[in-house]
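Quick notes on the structure that follows.
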Amino acid sequence: MILALLILILSTALFFFYFQVTCQKILHRQFDREYFQSIANANRLEFPSLRKSLEEFGAPVDYSRLRMMLKCDFLALTYLLKNAANVNQRYSYDERLLILYFRWQFLSLAVRRLLKVGENKAILRLTSVLQYFANVVGQRVNAVKFGNLTAADYLLNL
Amino acid sequence: MDSRIVSYGLQYAGYLIEASLLFYLARSRERKGLATPAFYLSSLLAAEAARAWVLHAYGKASERYFYVYWSTDFLLVISAFILVCLFFRRACLQEEKIWRFARLLLVFVFVIVLGISGLIFSHNYSGPVLNFYYFVFEFNQNLYFACLVLNTLLYLLLQQIESTDDQLGLLVCGVGIQFAGPAATLALVHLTSAGRFALSLNSYAIPLCTLGMLLVWAYAIVRVRDKETRVARHKIPAFAEVTAD
């Protein structure tokens, strides 16, 4: 009984640990250049400024606004991931995994907020997922030739 | 929707990815370091094919299916242990000293698992058929959990030696997902004395975790290698006259 309980706790913890590590490894993928800034500017996404304020001042904006900002950026970026310069019009499996990871971190943010532990860490993880998505969208848009249009112009006309 | 349909759907999706990955590995020119995942994928496919054939030919209630199911389960757990050993070898290619220690640890763990399983088996003698079942069930369960612990040690070792092998890191994470999920749900089944919820969770968790591992492996094999190839191509020196054209 005790052994089974121990195995249950340990295995569950390890399962979530491996899930998180896998997502982190995918997020560490190097892009040939930083595409996310132009995508964020073109779509008025707020995660870069949120990340900057968190890294520089260490204090996030008020919680309900923060949730709204992250949610809106997430919805915009997942839409772009599926529709901007994507011939198949569907997510790849690593993108699906990261979408799941984002939702899990979003839930974990609410729990951390309640417990008042490591809130900033969760926010940084959420913004890193958004940054990755923006980089993927930027890279895709950049790979397609649109005459004289820049990535930002293309997205504005979408 | 019927839970069995979902479970079968996940299972068949797993078979499809296993076969596609093996096909990809067989066709690709660069096989360096990919023989280990190919070996495990082949054993998974072979075990599933053997089970499907016996199930089709003799039925689920037959004694042959019982023996084939548990024998293939035994072989799969042994393959999982070999997989972890080969990953240890790959991680320690430049670290002979650590490999010597790791080799001893792996042998020690295997002997311990065999000893514990044998001890439990000797206390549960109940005729030849049940005997076979008791030993295989106990041994598989213990070795499976030992593989999970060893895989975690391997992950920690990769961090310790600051390994730059991204592909191996991802392959190890995939194995971790495959081992940890079923171990947790099987423990829950045991704790709830095979309760309905635990059994239903277990029927989803096992194919879902296998699918998770296969997808992470596919990412590691296709994407990470693709990136490495691109970097390598970048490093090939070009002659001035060629570039001038």
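What you are looking at is a predicted structure, and each value in this text was computed from that prediction instead of being measured. Reckoned from all heavy atoms, side chains included, excluding hydrogens, waters and symmetry mates. Note on naming: letters A, B, ... go to the chains in the order of the sequence lines (proteins, then strands), and numbering restarts at 1 for each one.
Contacts between A:Leu6 and chain B at a heavy-atom distance below 4.5 Å are absent for every atom of the residue. For A:Phe16, no part lies near chain B; criterion is any non-hydrogen pair under 4.5 Å.
Interface remark: of the candidates A:Ile7, A:Leu5, A:Ile9, A:Ile7 forms the most heavy-atom pairs closer than 4.5 Å to chain B.
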Name each donor-acceptor pair under 3.5 Å that joins a side chain in residues 172-179 of chain B to protein atoms two or more places apart or in another chain, with its distance.
from     : atom 1 : to       : atom 2 : distance (Å)
B:Gln178 : OE1    : B:Thr210 : N      : 3.4
B:Gln178 : OE1    : B:Thr210 : OG1    : 3.1

Expected list for residues 180-199 of chain B: side-chain donor-acceptor pairs under 3.5 angstrom, two or more places apart:
from     : atom 1 : to       : atom 2 : distance (Å)
B:Thr185 : OG1    : B:Gly181 : O      : 3.3
B:Thr185 : OG1    : B:Pro182 : O      : 3.1
B:Thr185 : OG1    : B:Asn202 : OD1    : 2.9
B:Thr192 : OG1    : B:Leu188 : O      : 2.8
B:Thr192 : OG1    : B:Val189 : O      : 3.4
B:Thr192 : OG1    : B:Gly195 : N      : 3.4

side-chain hydrogen bond (donor to acceptor under 3.5 Å, both in side chains) assessment of A:Thr22 paired with A:Tyr101: CA-CA 10 Å; A:Thr22 306; A:Tyr101 179 63; over 6 Å; no
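Within the 6.0 Å centre-distance limit, the rings of A:Tyr132 and A:Phe31 are counted as a close aromatic pair.
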